[in-house]
**Student:** 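Quick one: structure below, then a few questions.
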Amino acid sequence: MHVSPIQKKVFLNWFLNQYELPKREIVWLFDYILKRDELLNHIHFVYEAHLCPRGMVVSVESQDKRPFRYYKEHVVTSEVEKAFHDIRMNHQKDLYIELNFPDVRQSTAYSDVLSNNPYLPDDYYLEESDYQMVDSLLQFVTDEHYMTQLKLKIDESLDNGDDEAFYFYSWLLNQRNQMSE
């Protein structure tokens with residue numbers, strides 16, 4: 001989904017009016033961004049911006065001890081001035097911004113400008129229990145497919161009058177059933 005610079009401006013203005021930012025320099029940085037459509041074309045709002053080559057995370061939560069983080073490759077800074085300088089000098093490069101505020105995951109205003117993070121690994125949100133569930137599901141599907149194939153072979157051997165194949169596939173089916181008990 002493409003988000004226009006106008007949508008991003010409307011959202012950023014809404015955000016700045018809704019929340020008090022912990023550092024005034026962050027407001028200045030957003031004001032700078034708001035005045036530059038060219039820059040807004042390269043801004044993407046995402047979750048997990050720390051995984052991006054150029055990312056910025058801003059938190060309004062009072063318990064967050066680092067309300068501002070700027071990531072460039074493998075370097076992280078909490079200094080807004082350094083981020084401003086890099087953004088100003090590299091205004092044609094993509095910048096991924098993550099905003100943390102109360103109920104951010106339920107915010108329709110944020111979801112309207114949210115983009116998929118292209119640097120997010122496919123399994124980023126999976127936990128060990130998810131992997132176990134996937135393994136169990138795959139095993140179940142494999143077992144069901146095997147059982148279905150055996151039953152088809154039994155039916156086919158009956159249709160063909162092939163007693164040897166019938167006894168063989170019936171024996172395999174019984175073995176499988178005994179293993180699953």
Side-chain angles (χ1 to χ4, degrees), residues 1-8 10-12 14-15 18 39-61 63-66 69-76 90 92-181:
M1 174 181 89
H2 176 73
V3 182
S4 72
I6 293 171
Q7 289 172 288
K8 295 171 189 177
V10 168
F11 170 72
L12 277 175
W14 170 85
F15 177 75
Q18 287 291 122
L39 181 55
L40 283 165
N41 281 322
H42 295 282
I43 298 267
H44 309 282
F45 294 98
V46 297
Y47 292 126
E48 313 304 341
H50 64 281
L51 298 173
C52 302
R54 286 180 71 227
M56 184 168 75
V57 178
V58 176
S59 297
V60 299
E61 306 284 347
Q63 71 271 15
D64 196 334
K65 292 180 178 28
R66 297 180 310 161
R69 293 175 305 271
Y70 185 76
Y71 301 84
K72 183 176 180 186
E73 300 304 329
H74 300 291
V75 178
V76 183
N90 297 292
Q92 294 177 328
K93 291 185 179 177
D94 286 337
L95 174 63
Y96 297 88
I97 299 175
E98 177 180 358
L99 300 175
N100 294 316
F101 53 90
D103 300 319
V104 65
R105 299 279 177 164
Q106 288 79 38
S107 169
T108 55
Y110 196 47
S111 68
D112 287 346
V113 297
L114 201 59
S115 299
N116 287 331
N117 185 337
Y119 300 97
L120 190 68
D122 291 337
D123 62 352
Y124 187 76
Y125 291 112
L126 294 179
E127 296 180 11
E128 183 61 33
S129 61
D130 297 320
Y131 288 112
Q132 291 170 354
M133 189 176 359
V134 168
D135 286 344
S136 295
L137 179 62
L138 285 173
Q139 186 63 50
F140 174 78
V141 169
T142 302
D143 289 346
E144 286 296 307
H145 178 72
Y146 180 73
M147 298 292 274
T148 301
Q149 292 303 309
L150 284 178
K151 290 173 184 175
L152 287 172
K153 294 284 188 183
I154 290 170
D155 289 346
E156 186 179 303
S157 63
L158 285 172
D159 291 344
N160 294 334
D162 186 348
D163 290 343
E164 191 175 319
F166 170 76
Y167 289 121
F168 175 71
Y169 292 119
S170 295
W171 178 81
L172 285 176
L173 182 63
N174 285 332
Q175 293 297 313
R176 180 58 79 148
N177 284 334
Q178 287 175 4
M179 285 174 43
S180 57
E181 289 177 356

**Student:** Going by the rule side chain to side chain contact (heavy atoms under 4.5 Å, CB included), which residues pair with Pro118 if we only count those two or more places apart in sequence or in a different chain?
**Tutor:** Tyr96
**Student:** Tell me the closest heavy-atom pair linking Tyr169 and Ile154, and the distance in Å.
**Tutor:** CB-CG1, 3.5 Å
**Student:** Quick check: does any side chain N or O of Ser170 sit under 3.5 Å from a backbone N or O of Tyr167, one acting as donor and the other as acceptor?
**Tutor:** no
**Student:** Does some side-chain heavy atom of Gln175 sit less than 4.5 Å from a side-chain heavy atom of Trp171?
**Tutor:** yes
**Student:** His42 versus Leu95: any side-chain heavy-atom pair under 4.5 Å?
**Tutor:** no
**Student:** Any side-chain donor paired with an acceptor under 3.5 Å for Tyr110 and Arg105?
**Tutor:** no
**Student:** How about Asp162 and Phe168: do any of their side-chain heavy atoms sit closer than 4.5 Å?
**Tutor:** no
**Student:** Contact between Arg69 and His50 at the side-chain level, heavy atoms closer than 4.5 Å - yes or no?
**Tutor:** no
**Student:** Over all heavy atoms of both residues, which pair between Val104 and Tyr47 is shortest? Give the atoms and the distance, please.
**Tutor:** O-OH, 3.8 Å
**Student:** Side-chain contact test, heavy atoms from C-beta onward, threshold under 4.5 Å: evaluate it for His44 versus Asn117 and give yes or no.
**Tutor:** no
**Student:** In this structure, are over 12 heavy atoms from other groups packed under 6.0 Å from Leu137 atom CG?
**Tutor:** yes
**Student:** Does any N or O in the side chain of Glu98 come within less than 3.5 Å of the main-chain N or O of Val57, such that one atom is a donor and the other an acceptor?
**Tutor:** no
**Student:** Please name all residues satisfying ring-ring contact (aromatic ring centres under 6.0 Å, His included) with Phe166, sequence neighbours left out, ordered by chain then number.
**Tutor:** none
**Student:** Looking only at the side chains, is there a donor atom on one of Ser59 and Asn100 sitting less than 3.5 Å from an acceptor on the other?
**Tutor:** yes
**Student:** Which atom pair, heavy atoms only, marks the closest approach of Val46 to Ser115?
**Tutor:** CG1-O, 3.5 Å
**Student:** What distance do Asn90 atom CG and Leu39 atom CG have between them, rounded to the nearest 0.5 Å?
**Tutor:** 10.5 Å
**Student:** Is Trp14 close to Val113 at the side-chain level, that is, under 4.5 Å between some pair of heavy atoms?
**Tutor:** no
**Student:** Among residues two or more places apart or on two chains, list those pairs meeting salt bridge (charged side-chain N to carboxylate O under 4.0 Å, His left out) that have a residue in residues 139-156.
**Tutor:** Asp143-Arg176
